[in-house]
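A short worksheet on the structure shown next.
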Amino acid sequence: IETVERVDIKVLIVGAGPAGIGTASALKQAGVEDMLVVDSREIGSSFLNWPKQMSLLTPSFHSNSFGLIDLNAIDPETSPADYLRTQHPTGEQYAKYLQAVANYNELPIRTGLEVSEVRKIEDRFIIITNKTEIFADVLVWSAGQFHYPKDQIFPGSNLALHSSKVKDWNDLEGDEFVVIGGYESGIDAALNLVDLGKSVCLYTRGEPWSSIDPDPSRSLSPRTFDRLRTVLQSPEKMKNLNLFKDADIKKIEESHGWWTLYDQDDIPSVSRTRPILANGFHSGLGLVETLFEHDENNLPVFSENADESTITTGLFYSGPALVHRKSLFCFIYKYRARFGLIAREIAIRIGKEGVDEKLKIYEKAGFMNSDLDCCTECECAIKPGETAPEPSAFS
């Protein structure tokens with residue numbers, strides 16, 4: 001009979017991406033040693049699985065010494081720009097940075113442990129993996145979203161190729177492509193294909209390139225705007241990009257090597273190649289979804305003081321699914337602003353002393369932001385001007 005390893009730990013962190021390693025680093029700074037980070041894959045696996053051409057939207061710059069922490073840093077004493085010597089790291093480069101942070105902070109990490117069940121009995125969590133049973137007083141769920149694509153979202157969507165499954169845009173055969181989804185991942189897919197000389201038709205529900213929403217999570221990033229403008233200002237490339245706004249694809253059918261797409265008005269369009277689905281990802285909460293309360297929009301609810309479940313004491317969340325007051329914390333620089341708050345709450349709760357003093361570096365760096373009004377009442381002194389590309393470029 002095979003004996004299952006049993007692990008007893010104070011704090012367990014599930015996920016070895018930026019959220020998990022960032023939270024673990026903050027806990028280490030707060031004096032918490034009895035912890036473990038687990039992941040079914042390797043450190044930074046989501047980034048390692050990005051398409052070859054993909055890179056971080058937010059720019060990195062080594063400004064830490066002037067009190068302006070690198071936007072992609074997950075630790076206030078490190079900078080991807082300084083370590084990697086690049087402004088927009090690729091997935092492979094950023095995974096290298098995550099490994100370096102884990103090594104620098106001497107974090108206890110075990111990979112190859114796939115969590116299959118999470119239970120809470122009395123005051124302890126029981127986490128079942130393929131190799132161990134882990135008993136923990138506190139659980140921090142930091143599983144990302146990349147490995148949970150929305151690829152079963154409407155009839156026939158499984159016939160499409162989700163953008164997260166593309167390793168290199170050069171590998172796709174064909175000259176004409178259809179992309180479904182018009183925000184960051186959709187525009188990124190379309191622009192990469194156009195750069196390769198392909199013809200692309202992109203269908204999107206709204207008109208994301210015209211959004212001037214002050215929340216950068218709800219409008220295209222400046223970098224994506226720049227890339228889009230570059231294509232539209234090139235007559236040679238512009239003729240290969242066709243953007244269809246207000247087109248909500250509801251169904252896909254395949255027949256004899258052709259794919260037919262139907263929009264909200266049941267109007268068909270045909271693709272000679274497998275459609276690219278770039279419609280985002282599920283939350284990543286997965287096995288702990290039911291351990292969180294959900295609001296009227298089915299969004300998970302987190303405590304405002306430390307991102308803890310409001311119905312399961314001791315269960316915290318860190319990562320891109322974080323939402324507060326209808327504001328999205330999906331970028332690294334957003335959810336990292338909560339690392340120190342989670343670490344502070346856990347460290348105090350398990351009896352550590354001098355926590356506030358130990359986390360001063362996190363507070364100074366903006367990793368302990370408790371002012372949630374900054375996201376809901378943002379008013380910039382200078383309103384954005386006309387940033388959308390020329391309307392004549394769109395259908």
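The first residue of the sequence shown is numbered 1, and numbering continues consecutively from there.
- Both L287 and V37 are assigned to one and the same hydrophobic cluster, defined by single-linkage of ILVMFWY side chains at heavy-atom distances under 4.5 Å.
- Across all their heavy atoms, S283 and A321 have their closest contact at O-CB, 3.6 Å.
- Note on residues 90-136: pairs passing ring pair (Phe, Tyr, Trp, His ring centres under 6.0 Å), not counting sequence neighbours, are F47-Y94, Y94-Y97.
- Judged by distance alone, with hydrogens and angles left aside, the side-chain atoms of S63 form no donor-acceptor pair with the main-chain N or O of F66 at under 3.5 Å.
- Looking only at distances, a side-chain donor or acceptor of T312 sits under 3.5 Å from a matching main-chain atom of L291.
- Checked against D137 for a salt bridge (charged side-chain N to carboxylate O under 4.0 Å, His left out), the options R124, R349, K120 give a single hit: R124.
- Panel note: side chain D263, backbone D265; a donor-acceptor pair is recorded below 3.5 Å.
- E117 CD: more than 12 foreign heavy atoms inside a 6.0 Å radius.
- Each of I342, D307, I13 was checked for a side-chain contact (heavy atoms from CB on, under 4.5 Å) with S318, and the lone residue meeting it is I342.
- A donor-acceptor distance shorter than 3.5 angstrom exists from the side chain of N192 to the backbone of D188, with no hydrogens or angles considered.
- With sequence neighbours excluded, no residue forms a salt bridge (charged side-chain N to carboxylate O under 4.0 Å, His left out) with D39.
- Counting only N and O atoms by type, the side chains of D70 and N64 include no donor and acceptor under 3.5 Å apart.
- When side chains are defined from C-beta on, F61 does not count as touching N72, because their heavy atoms never get closer than 4.5 Å.
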Run the numbers on V115 and I128 for side-chain contact (heavy atoms from CB on, under 4.5 Å), then give the verdict. CA-CA 6 Å; V115 177; I128 308 299; over 6 Å; no
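- Shown here is K28, whose NZ atom has more than 12 heavy atoms of other residues, nucleotides or ligands within 6.0 Å.
- Among all heavy-atom pairs drawn from I21 and A16, the shortest one is CD1-O, 3.6 Å.
- Judged purely by distance below 3.5 Å, without hydrogens or angles, the side chains of T111 and E42 never pair a donor atom with an acceptor atom.
- Looking only at atom types and distance, the side chain of N170 has a donor-acceptor partner in the side chain of D168 under 3.5 Å away.
- Residue G44 comes nearest to A95 through the heavy atom pair O-CB, 3.8 Å, listed as atom of the first residue, atom of the second, then distance.
- Looking at S55 and R223, their side chains do bring a donor and an acceptor atom within 3.5 Å of each other.
- Within a 6.0 Å radius of CG in D295, other residues, nucleotides and ligands contribute more than 12 heavy atoms.
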Hey, mind stepping through E308 and T313 against side-chain hydrogen bond (donor to acceptor under 3.5 Å, both in side chains) and telling me if it holds? CA-CA 7 Å; E308 184 177 11; T313 303; 4.8 Å; no
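- Sorted by first then second residue, the ring pair (Phe, Tyr, Trp, His ring centres under 6.0 Å) pairs that include residues 169-208, not counting sequence neighbours, are Y203-F244.
- Separation of the Y362 and F339 ring centroids does not fall under the 6.0 Å cut-off.
- A donor and an acceptor atom, one from each side chain of N49 and K165, are nowhere located under 3.5 Å apart.
- No side-chain heavy atom of V178 sits less than 4.5 Å from a side-chain heavy atom of V200.
- Ring pair F281/H162: centre-to-centre distance below 6.0 Å.
- Between the side chains of H147 and S164, no donor N or O sits under 3.5 Å from an acceptor N or O.
- Contact of the V7 side chain with the E5 side chain is registered, since non-hydrogen atoms from C-beta on lie closer than 4.5 Å.
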